[in-house]
Amino acid sequence: MNIDTGITSEVLTIKSETKLIDIFNEIISKKSNAVFNYIENLNPSSDSKIIVIGTYFTGVGIVKKLSEKYENILLIDIYPHLENLLYTDIGGGLKNTVEFSSNLDLIYSGDIVIDTTGFGGITTEQSSKFDVETFIIEDPIAENNDSLLMDKNNINERLKMVKSKNKAIIKTKGINTKTSGTMTLTIGLLTSVLNKCLEKEGTLYSACEMGFFEEVIFKEKNIDKFIELININALKVSTIKPFNFDEIINEELNKITSEMI
């Protein structure tokens with residue numbers, strides 16, 4: 001357990017062994033494993049071309065997982081700088097080379113297409129042009145607990161327009177967040193853990209090291225800075241009675257599930 005003294009020797013500061021990147025990667029792994037197992041069960045040919053649309057963060061995790069077995073993979077994103085995520089520890093390691101492009105005209109060139117673009121991503125008109133062996137789409141909604149977001153969600157319409165023998169939806173939920181994005185789930189998990197730490201006898205306060213990292217990624221476009229920011233202890237607790245809150249983090253992570261429906 002990582003413990004320092006606080007303002008006085010009576011009050012202690014506990015730091016989680018779990019880092020922010022560990023939480024990101026565990027959530028991403030749940031999604032990418034679900035997709036990998038689904039594709040494996042379809043037994044595609046070894047030369048099947050796999051197109052993944054959208055990098056942040058489901059997409060990068062999926063291509064890294066698929067690279068363990070498949071070689072003909074193309075990741076497409078309108079933000080060229082997101083290619084740098086392929087060469088970081090986000091989503092795991094890259095086993096085989098994955099091509100990257102920002103050319104949306106290439107989204108129709110695959111045998112297996114995985115759309116992770118969510119809200120404001122691939123349109124129904126674009127979806128109607130797909131004629132592929134397998135089409136997978138990520139549901140940006142988690143728990144169906146926000147009517148405005150549910151009305152905004154058009155993945156069923158997009159999926160209906162696609163011509164494909166195999167169709168599936170990536171559904172991720174479990175901790176009562178509104179959306180299924182990795183960033184949303186991470187913040188939701190941390191909020192829950194903070195509240196549970198406060199319930200412990202002897203706790204003065206707790207804090208997480210989570211910032212609004214989307215600005216670093218999409219405004220500053222600084223992937224190196226983002227990776228540096230998330231390679232730190234996820235939470236700290238000020239308390240007079242030490243306890244292991246990495247166990248609480250793991251309990252919340254275990255509630256998150258990702259499946260193909």
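Ion pair Glu143/Lys178 not flagged as a salt bridge, since none of the NZ, NE, NH1 or NH2 atoms sits closer than 4.0 Å to an Asp/Glu carboxylate oxygen. Between Asp111 and Lys49 there is no salt bridge, since no side-chain nitrogen of the basic residue lies less than 4.0 Å from a carboxylate oxygen of the acidic one. Salt bridge status for Glu40 with Lys69: present, with a side-chain N to carboxylate O gap under 4.0 Å.
Residues Gln126 and Tyr108 meet the side-chain proximity criterion, which asks for heavy atoms closer than 4.5 Å. For the pair Tyr38 and Asn166, the minimum side-chain heavy-atom distance is below 4.5 Å. Using a 4.5 Å cut-off on side-chain heavy atoms (C-beta onward), Ser164 and Asp131 make no contact. Within the 4.5 Å cutoff, the side chain of Val11 has no heavy atoms near those of the Thr239 side chain. At least one side-chain heavy atom of Phe119 sits under 4.5 Å from a side-chain heavy atom of Thr179. Residues Leu185 and Thr172 form a side-chain contact, since some pair of their non-hydrogen atoms from C-beta on lies under 4.5 Å apart. Using a 4.5 Å heavy-atom threshold, the side chains of Leu194 and Leu235 count as touching. In this structure the side chain of Ile28 never reaches within 4.5 angstrom of the side chain of Thr58, judged on heavy atoms.
Counting heavy-atom neighbours within 6.0 Å of Tyr79 OH, excluding the residue itself, gives a total of 12 or less. Heavy atoms from other residues, nucleotides or ligands lying under 6.0 Å from NZ of Lys152 number 12 at most. Other residues, nucleotides and ligands place no more than 12 heavy atoms under 6.0 Å from the NZ atom of Lys236. Residue Glu228 places its CD atom among 12 or fewer non-hydrogen atoms of other residues, nucleotides or ligands, all under 6.0 Å distant.
Taking the six-membered ring where the residue is Trp, the centroids of Phe213 and Phe57 are separated by 6.0 Å or more. For Phe218 and Tyr56, the ring centers sit closer than 6.0 Å to each other.
Looking at every heavy atom in both residues, Lys65 comes nearest to Asn33 through CE-OD1, 3.1 Å. Heavy atoms only, all atoms of each residue included: Ile256 and Lys30 are closest at O-NZ, 3.0 Å. Shown here for Ile240 and Glu10, the closest heavy-atom pair between the two residues is CG2-O, 3.5 Å. What you find for Lys163 and Ser128 is that their closest heavy atoms are NZ-O, 3.2 Å. Nearest approach of Val35 to Ile62, heavy atoms of both residues: CG2-CD1, 3.8 Å. Summarising the geometry of Leu42 relative to Thr134, their closest heavy-atom pair is CD1-OG1, 3.5 Å, with the distance given to 0.1 Å.
Residue pairs meeting the side-chain hydrogen bond (donor to acceptor under 3.5 Å, both in side chains) criterion with at least one partner in residues 195-208, sequence neighbours excluded, are Lys196-Glu252.
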Could you walk me through whether Leu66 and Ile39 pass the side-chain contact (heavy atoms from CB on, under 4.5 Å) test, one step at a time? CA-CA 9 Å; Leu66 290 173; Ile39 291 175; 4.0 Å; yes
Start with the C-alpha distance between Leu159 and Ile169, add both sets of side-chain angles, then the distance that settles side-chain contact (heavy atoms from CB on, under 4.5 Å), and finish with yes or no. CA-CA 9 Å; Leu159 198 59; Ile169 296 171; 3.7 Å; yes
Let me see the working for Leu149 and Asp151 under side-chain contact (heavy atoms from CB on, under 4.5 Å), right down to the final yes or no. CA-CA 5 Å; Leu149 290 172; Asp151 288 343; over 6 Å; no
Can Ser29 and Ser32 be said to form a side-chain hydrogen bond (donor to acceptor under 3.5 Å, both in side chains), step by step? CA-CA 5 Å; Ser29 177; Ser32 58; 4.7 Å; no
Step by step, would you call Ile53 with Leu75 a side-chain contact (heavy atoms from CB on, under 4.5 Å)? CA-CA 6 Å; Ile53 314 169; Leu75 177 60; over 6 Å; no
Please assess Lys31 against Glu138 for the test salt bridge (Lys or Arg N to Asp or Glu O under 4.0 Å), listing each intermediate value before the final yes or no. CA-CA 9 Å; Lys31 298 178 179 183; Glu138 182 175 26; 3.1 Å; yes
Would Asp89 and Asn25 satisfy side-chain hydrogen bond (donor to acceptor under 3.5 Å, both in side chains), going step by step from the backbone distance to the final call? CA-CA 8 Å; Asp89 291 332; Asn25 281 344; over 6 Å; no
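Ile122 and Phe100 fall within the same hydrophobic cluster, where Ile, Leu, Val, Met, Phe, Trp and Tyr residues are linked whenever their side-chain heavy atoms come under 4.5 Å apart, directly or through other members. Tracing side-chain contacts under 4.5 Å through hydrophobic residues (I, L, V, M, F, W, Y), one reaches Ile217 starting from Met210; they form part of the same cluster. Linking ILVMFWY side-chain heavy atoms closer than 4.5 Å, directly or via other members, places Leu190 and Leu198 in two distinct hydrophobic clusters. Hydrophobic clustering of Ile, Leu, Val, Met, Phe, Trp and Tyr side chains at less than 4.5 Å, counting indirect connections, unites Ile232 with Leu229. A continuous path of ILVMFWY side-chain contacts below 4.5 Å connects Phe36 to Ile90, so both sit in one hydrophobic cluster.
Distance check: Leu74 CG to Ile76 CD1 gives 4.0 Å after rounding to the nearest 0.5 Å. Atom CD1 of residue Ile21 and atom CG of residue Asn231 lie 4.5 Å apart, to the nearest 0.5 angstrom. How far CG of Asn2 is from OG of Ser16: 8.5 Å, rounded to the nearest 0.5 Å. Remark: Asn72 CG to Thr97 OG1 distance equals 11.5 Å, nearest 0.5 Å. Rounding to the nearest 0.5 angstrom, the gap separating the CD1 atom in Ile227 from the CG atom in Asn84 is 9.5 Å. Atom-to-atom distance recorded for Leu82:CG and Ile223:CD1 is 5.5 Å, nearest 0.5 angstrom.
Not a single donor-acceptor pair under 3.5 Å links the side chain of Ser48 to the backbone N or O of Pro44. Asp77 places a side-chain N or O within donor-acceptor distance of the main-chain N or O of Thr55, the cut-off being under 3.5 Å. Between the side chain of Thr184 and the backbone N or O of Ser180, no donor-acceptor pair lies under 3.5 Å. Judged by distance alone, the side chain of Lys167 and the main-chain N or O of Val162 form a donor-acceptor pair under 3.5 Å. Side chain of Asn96 to main chain of Ser67: a donor-acceptor pair is present (N/O by atom type, distance under 3.5 Å, no hydrogens or angles). Under the 3.5 Å distance criterion, the side-chain polar atoms of Ser192 are left unmatched by any main-chain donor or acceptor of Gly188.
Residues Thr18 and Asp22 bring no donor and acceptor atom of their side chains to less than 3.5 Å of each other. At a cut-off of 3.5 Å, with distance as the only test, no side-chain donor of Asn103 or Ser101 sits close to an acceptor on the other residue.
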